[in-house]
There are 2 protein chains.
Amino acid sequence: MVSLAERKRQLVGEELREIALQLLAAKGYDVTTVDEIAAAAGMSRRTFHRYYASKEDVVIQLLADVGEQVRTVLAARPAAEPPAVALRQAVGMAIDFCAGHHDPVKMLAVVRLILGTPSLHARFLELQAGAQAELTAVLAARLGVDGDDMFPEMAVRMALTAFDAALERWAASNGSADPQELTDRAFAVLEPALRPPA
Amino acid sequence: MVSLAERKRQLVGEELREIALQLLAAKGYDVTTVDEIAAAAGMSRRTFHRYYASKEDVVIQLLADVGEQVRTVLAARPAAEPPAVALRQAVGMAIDFCAGHHDPVKMLAVVRLILGTPSLHARFLELQAGAQAELTAVLAARLGVDGDDMFPEMAVRMALTAFDAALERWAASNGSADPQELTDRAFAVLEPALRPPA
DNA sequence: CCTCCACTGACACAGTGTGTCAACCATGCC
DNA sequence: GGCATGGTTGACACACTGTGTCAGTGGAGG
């Protein structure tokens with residue numbers, strides 16, 4: 001039975017994250033203590049850490065699930081589709097989550113918080129490195145090449161690089177730029193290198 | 001007069017880093033405390049932090065200067081040189097420092113420590129992100145394009161991605177692979193996208 | 001009603017990073 | 001030689017993070 005306790009736990013976790021994000025964005029990441037976040041949410045510091053392992057996690061974990069979804073999208077694309085198109089679709093899903101219709105104002109604050117806080121940016125990049133390894137395996141399987149071939153790895157790295165560039169430029173524009181168009185422009189640069197190795 | 005005190009300070013810092021790296025690599029990063037490192041170096045924890053701001057810094061700062069050198073190399077390349085060649089030379093310098101003749105056994109241990117420790121890997125990527133911004137400015141100036149053009153940014157990101165891929169594969173081979181040849185193979189994948197935009 | 005279980009708060013603890021202060025030591029000046 | 005001085009160090013103290021442990025509490029189900 002996952003129903004009641006499980007759902008309540010997830011609900012509390014989401015509300016806690018909401019309060020934390022609001023407080024961190026308003027006051028600044030470094031100067032905000034976990035005790036303050038916990039107090040704002042009406043709980044003890046110990047209980048906070050039962051929901052999120054660290055102060056970084058409460059911000060980053062929002063994006064942690066996206067990696068898994070991106071992998072699913074890539075795996076679901078038709079096998080005959082060129083890598084450039086399949087990767088563009090996968091990245092498009094991620095950029096839509098971060099900068100799309102979901103909740104632009106809130107997500108812009110979160111993205112700016114991550115990109116503007118060194119320790120959070122570091123965790124963000126590390127998270128991406130983990131996703132990169134998984135995506136590489138998926139793409140290599142799609143193309144039917146062995147692990148010695150560098151193309152799948154480089155293709156995935158390039159795609160994630162396009163994601164980063166688009167996300168940064170979107171944040172730099174205060175959310176006024178079109179994230180999908182930025183992604184298209186980044187992929188246009190990469191496109192000549194994204195053709196499968198004959 | 002920077003001579004005596006300054007040089008002694010730097011000398012102590014280098015020996016301290018050497019001891020720290022040896023201890024961290026032998027025992028493991030997470031389970032080694034700063035007190036242990038300080039004790040092994042015959043000093044107090046407070047004094048350790050006068051040389052390195054954090055336990056991460058004593059490892060990462062070894063690579064921090066490389067970013068500056070890479071920027072210098074890129075800026076020194078002839079202006080008429082194609083971006084692919086200039087970037088290849090800049091990255092070649094970095095990969096040579098990390099995996100070249102300098103001290104293969106020691107550097108392999110350091111690289112494996114960084115790549116195998118999440119918090120260090122995160123700092124490493126963050127450090128690289130900082131270098132990326134500077135290199136982008138240099139390349140954009142070389143090409144005489146404005147900041148709206150994505151090519152310089154994407155080209156630098158691709159080059160750093162080639163660096164990462166080569167470094168990881170070199171570490172995975174336990175240092176037996178040729179780092180420059182790995183870099184060449186990575187750049188071969190990127191090459192079609194590294195031509196300047198007409 | 002009673003049992004069991006998940007959740008919580010209240011400690012305690014190890015570890016990190018920083019501020020502060022007194023002691024020390026080498027250099028340079030009188 | 002004596003002495004001021006600036007840099008270095010160790011010894012605290014402090015705020016903060018993250019974790020282990022334990023007792024209390026409240027609800028779900030027998």
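By convention in this document, chain letters (A, B, ...) are assigned in the order of the sequence lines, proteins followed by strands, and residues within each chain are numbered from 1. Values below: every heavy atom of this structure, side chains too, minus hydrogens, waters and symmetry copies.
- Rounded to an integer number of Å, the gap from CG of L11(B) to P of dG7(D) is 19 Å.
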Pair T72(B)-E68(B), side chain to side chain donor-acceptor pair (under 3.5 Å): steps then yes or no | CA-CA 6 Å; T72(B) 304; E68(B) 179 71 17; 4.6 Å; no

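- Closest contact between the side chain of S54(B) and the listed nucleotides dT8(C), dG17(C), dG18(D) involves dG17(C).
- One can place NZ of K8(A) at 12 Å from C1' of dA28(D), the figure rounded to the nearest angstrom.
- Remark: Y52(A) is not in phosphate contact with dT17(D), judged by side-chain N or O atoms under 4.0 Å from OP1 or OP2.
- Interface residues of residues 29-48 of chain B facing DNA chain D, ordered by number: G42(B), M43(B), S44(B), R46(B), T47(B); criterion, heavy-atom separation under 4.0 Å.
- Considering only the side chain of K55(A), dG18(D) comes nearest among dG17(C), dT8(C), dG18(D).
- With contacts defined as side-chain heavy-atom distances shorter than 4.5 Å, the pair F151(A)/V145(A) does not qualify.
- Each of L62(B), L115(B), L63(B) was checked for a side-chain contact (heavy atoms from CB on, under 4.5 Å) with V110(B), and the lone residue meeting it is L62(B).
- L120(A) has its CG atom 13 Å from the P atom of dT17(D), to the nearest Å.
- Y51(A) has its OH atom 20 Å from the P atom of dT17(D), to the nearest Å.
- Salt bridge annotation for E126(B)-R123(A): absent, with no cationic side-chain nitrogen under 4.0 angstrom from a carboxylate oxygen.
- For R17(A) and Y52(A), the positive end is not near the middle of the six-membered ring at less than 6.0 Å and at most 45° from its axis.
- Side-chain contact of D164(B) with T161(B): a donor-acceptor pair under 3.5 Å is absent, judged by distance alone.
- A straight line from CZ of R50(A) to P of dC22(D) spans 14 Å, rounded to a whole angstrom.
- In this structure, NE2 of H49(B) is placed 10 Å from C1' of dG15(C), rounded to the nearest angstrom.
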